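Given the structure is predicted, the values throughout are model-derived calculations rather than measurements. Counting starts at 1 for both ligands and their atoms, following the listed order. Every heavy atom of this structure was used, including side-chain atoms; hydrogens, water molecules and symmetry mates were not.
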Amino acid sequence: MHVLILGGTTEARRLAESLAAGTPAGLRMTSSLAGRVGAPRLPPGEVRIGGFGGAEGLARWLGEHAVDAVVDATHPFAGTISSNAAAAAAATGVPLLVLRRPGWVPVVGDVWHETGSLEEAAGLLPSLGRRVFLTTGRLGLAAFAALEDLWFLVRSVDAPQAPAPPRMEVLLDRGPFTLEGERELLRRHAIDVVVTKDSGGQATAPKLTAAREAGLPVVVVRRPPVPPGVPIVPDPEAAAAWITARLYRGGTPPDPD
Ligand code: NAP
């Protein structure tokens, strides 16, 4: 059985690691990365890098590589590849599972402003603060480029490119981040508003706690919807169980030795 894991997330890597560690007999897995990050953390097993050429290209790839199941473990904001995966699965009949970490939920003390897009977030900012901690990734910076009166601390894995806000400092870093580190960052840069996508997960959540403690507003960009009708699980363990169940369907699991 050949499983394709659409990746680029911690969860995708953890799924590949847990399958590799337990290596069920008869399972071949390939992880796919978009190739956006210069030096990605590679999962175990076969890895391919780069786009497929839309939903049709992905459907072709599934057929050419005799893929039996697909796990879409991409980032909650990677909406295009998720709808391509749903379309390719529907066209080929290859079963698809979405592995998506749950979104963040506000708790007492949070001052969140939820928006539907980066553009809407940018529109809100002038009424909320002057010194912005922007953690939405380097690719969406154009939405904030017209905010000439605001200062931005932009944190991203790779260096951003124009168009970008004229007054900004770039911090190249990659999670997981610590609460102490996030507190210090907000203090040192006198941040008065934070902008984030609702990425969910633990690795980048400490900024939310640090903002809450400091009484700062947080602009939270909501996720695009998951393609309708596709089963969804919240963690790599559940995805591994889905794969194993398909692998052994109609037969008995081989002896672990
Ligand atoms: P996107 O907008 O949904 O995808 C744009 C195009 O990139 C897709 O149409 C596809 O090209 C290619 N692509 C995306 N993910 C791919 C994958 N896993 N394997 C092969 N091709 C892929 O995605 P994005 O927001 O640019 O994100 C790109 C990657 O970064 C994703 O794998 C995602 O998991 C990861 N990531 C994204 C974010 C975020 O905030 N968006 C954050 C962290 C990590 P073709 O149409 O040519 O197939």
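- For Phe52, the ring-ring contact (aromatic ring centres under 6.0 Å, His included) test picks out Trp61, with sequence neighbours left out.
- When atom types are taken as modelled, the side chain of Thr136 and the backbone of Lys197 share no donor-acceptor pair closer than 3.5 angstrom.
- Counted within 6.0 Å of CD on Glu184, heavy atoms from surrounding residues, nucleotides or ligands total more than 12; the atom is thus considered enclosed.
- Remark: the backbone N or O of Leu42 is not paired with any side-chain donor or acceptor of Arg13 at under 3.5 angstrom.
- Under 4.0 Å is where a charged nitrogen must lie from a carboxylate oxygen, and between Arg183 and Glu180 at least one such pair does.
- No more than 12 heavy atoms of other residues, nucleotides or ligands lie within 6.0 Å of CD in Glu56, so this atom counts as exposed by the packing criterion.
- Residues of the protein with a heavy atom under 4.0 Å from ligand 1 are Gly7, Gly8, Thr9, Ser32, Leu33, Ala34, Arg36, Arg48, Gly50, Gly51, Phe52, Gly53, Gly54, Thr74, His75, Phe77, Ala78, Gly79, Thr80, Ile81, Asn84, Lys197, listed by chain and number.
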